[in-house]
Each structure stands twice: as C-alpha cells, then as structure tokens.
Protein chains: 2
Amino acid sequence: MDMPPPLEKPGTHPACARVNEMLGRIGDKWTILAISMLMEKPRRFNELKRMIGGISQQMLTRSLRFLERDGLITRKVYPTIPPQVEYSLTPLGHSIAAPMMQMATWVIAHLPEIEANRAAHDAGTPA
Amino acid sequence: MDMPPPLEKPGTHPACARVNEMLGRIGDKWTILAISMLMEKPRRFNELKRMIGGISQQMLTRSLRFLERDGLITRKVYPTIPPQVEYSLTPLGHSIAAPMMQMATWVIAHLPEIEANRAAHDAGTPA
DNA sequence: CAGTATCCCGGAGGATACTG
DNA sequence: CAGTATCCTCCGGGATACTG
C-alpha cells in the first residue's frame, strides 16, 4: 500500500494542520446544525435559534460570524423596524451539503450498530 | 437541487441529537487524525502518538478508548516485554473512510477559496 | 428583532510523574 | 512500551442584562 497520490491523504498532506483545523470548525456541533438548517432555505436569526434549540445567542452569533467570514453564508440586513436579518448559504456553503450529508448518512446508518457495540463493551467492562 | 428525501435531513431527523453528538465525536480533531492514521494500516500506541504529533498520551488514550467502545477500532495486546499494543480499524471503522475523505477532500479543494474569503473579509472589517 | 457586553463555571486537554 | 493518576490551566459556551 503506497501513497503516490499527493492529494487526499489528510494525515500526510502538507497543509494537514489547516485542513484539520477547518474540519474541526465545520465539524463543530452548532455549525453543522446551522448549516443544515440553512440548506433548505434562508432563515432569520431567531428562527435559527429556535430551530437549533439549546444554543445561546452568543454561540449562534459566533458560529454565524465564522461562517460568514469564511464565505459559507451571507448576512443580509433589511433596515426595517424591527430589524430583520436573513442568513443564507453561498454557493460555497451549498457545496458542502453533499459531503456533510454523507457523514450524517453514515452516522444514521451505523448508529444502531455503534450503540450496540457501546452497550456490549460497557457490559463487558462494568467496573 | 432539491431535497425531498425524508431521511437525511439532520436537523429534522428524530434521532437528531444522538446523530449530532456522534458527528461531534467523530468530527473531533484528534479522532479524525487517529482514524486517518489507522486507515493505512494498524499501528501501535506510540507510533500513533508520534504521527499525530502534539497530542498528549491522555488524549490519545481517551480518543482510542472511545473509538474502541464504539467498535470503530480494536485493541490487540501482545503480552511481550516490553508490552506491545496494536490498534486497527474494524470493518465499521473502515467504512467511515469514504465519507470522511469526502469531507477532507472538500476542505482541501476549497481551502484556498475559504482563506481568500477570510482575508477579504478581514480586510473589509479591520477594526 | 438582532445583536453586543459581562460574568462565570465545568470540563477539555496539556504536563508531569509513576507503574506493570 | 503503553498506559494510569494527578494537577492545573484555559476557554468553550451558558445565562443574563443592555442597546440600536
């Protein structure tokens, strides 16, 4: 088993650290949820907050700011009263849907097996 | 680009919380690295530690224990002196390779664009 | 409504020392 | 070598109050 393809090996790639950091950011709990909420359609701040549930404004704001900074979402302000802000995925943001769904699908498909393993393991190592 | 399939919507799936938790665990920085190191071939404890670099024994141990508990890796002890322990991916563990590589590939492919966005955004919002 | 500003706490995670 | 045990630090992230 060699590794001539210089591209897709995460651990051996030169930019490994940056890639891993980015994976960590996207893989973040709240970020994943926010992105998946926006996949269907653009949404407003409190709408996201309600849908995600259990997130503080602070964390939602942070997550959205990071996503905006990285160009995965856009923030559109309507200068009405009361103010209205709409967040939507950019094309770049949408492009992450497929790989993200792959992961989610994998988890959904294997969760029962994983939880069975976990239960079995815990039964064998109760102490 | 539609999205009628009633299954793969993370945010709306009934087991959303557990799935999200699992995504968070697998998406963990160290866990990703450990899994990707093991993809190539089984490896020993200190070998992993060296390859990953920057991880403490404690964190490596924890990560490996979790992966073992979930049935993604197996821990094989050779009762030699000095002791030798080999970690390897289970079939379940291997099965996550594809979706994981999808994510990694996406990041690698779009990292330049993302970093450009970031730079542009920071330039426009220096304060 | 959509944030920003503070305060605060628990736990993630590093460093070190010890053991089988 | 492959851990376990202990200590300690830092910051992720919740709660709350205030603002445009």
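Residue numbers start from 1 in every chain, and the chains themselves are labelled A, B, ... in the order their sequence lines are given, proteins ahead of strands.
With hydrogens and angles disregarded, a donor-acceptor distance shorter than 3.5 Å links the side chain of A:Thr90 to the backbone of A:Gly71.
In this structure B:Glu47 satisfies the salt bridge (charged side-chain N to carboxylate O under 4.0 Å, His left out) test together with B:Arg43, sequence neighbours excluded. Remark: A:Glu86 engages no residue in a salt bridge (charged side-chain N to carboxylate O under 4.0 Å, His left out) (not counting sequence neighbours). Partners of B:Trp106 under the ring-ring contact (aromatic ring centres under 6.0 Å, His included) rule, at least two apart in sequence or in another chain, are B:His110.
For the segment residues 68-84 of chain B, the set of residues with a heavy atom within less than 4.0 Å of an atom of DNA chain C comprises B:Pro83, in numerical order.
Within 4.0 Å of B:Arg44, counting heavy atoms only, lie sugar-phosphate atoms of the nucleic acid but no base atom.
If you measure from atom NZ of A:Lys29 to atom P of C:dA12, you get 12 Å, rounded to the nearest angstrom.
Mapping A:Arg50 and B:Gly54 onto DNA chain C via the closest heavy atom, the residue that lands nearer the 5' end is A:Arg50. Comparing B:Gln57 and B:Arg62 along DNA chain C, the residue whose closest nucleotide (by nearest heavy atom) sits nearer the 5' end is B:Arg62.
Stacking of B:Lys49 on the aromatic ring of B:Phe45 is not recorded, the 6.0 Å distance cut-off and the 45° axial limit not both being met. With B:Phe66 as the aromatic partner, B:Arg25 meets the cation-pi criteria of under 6.0 angstrom to the ring centre and within 45 degrees of the ring axis.
Contact footprint of chain B on DNA chain D: nucleotides with an atom under 4.0 Å from a non-hydrogen protein atom, first to last in 5' to 3' order, D:dC1 to D:dT6.
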What would the secondary structure line of DNA chain D be in dot-bracket form, counting Watson-Crick and G-U wobble pairs under 3.5 Å, with [ ] for pairs that cross earlier ones and | for pairs with another strand?
||||||||||||||||||||

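Ion pairing between B:Glu21 and A:Lys29 fails under the 4.0 Å rule for side-chain N and carboxylate O.
Using a 4.5 Å heavy-atom threshold, the side chains of B:Met103 and A:Gln102 count as separate. In this structure, the side chains of A:Trp30 and A:Leu60 stay at 4.5 Å or more apart for every pair of heavy atoms.
Partner B:Asn20 forms a side-chain contact (heavy atoms from CB on, under 4.5 Å) with one of A:Ile52, A:Ile32, A:Val107 and no other, that one being A:Ile32.
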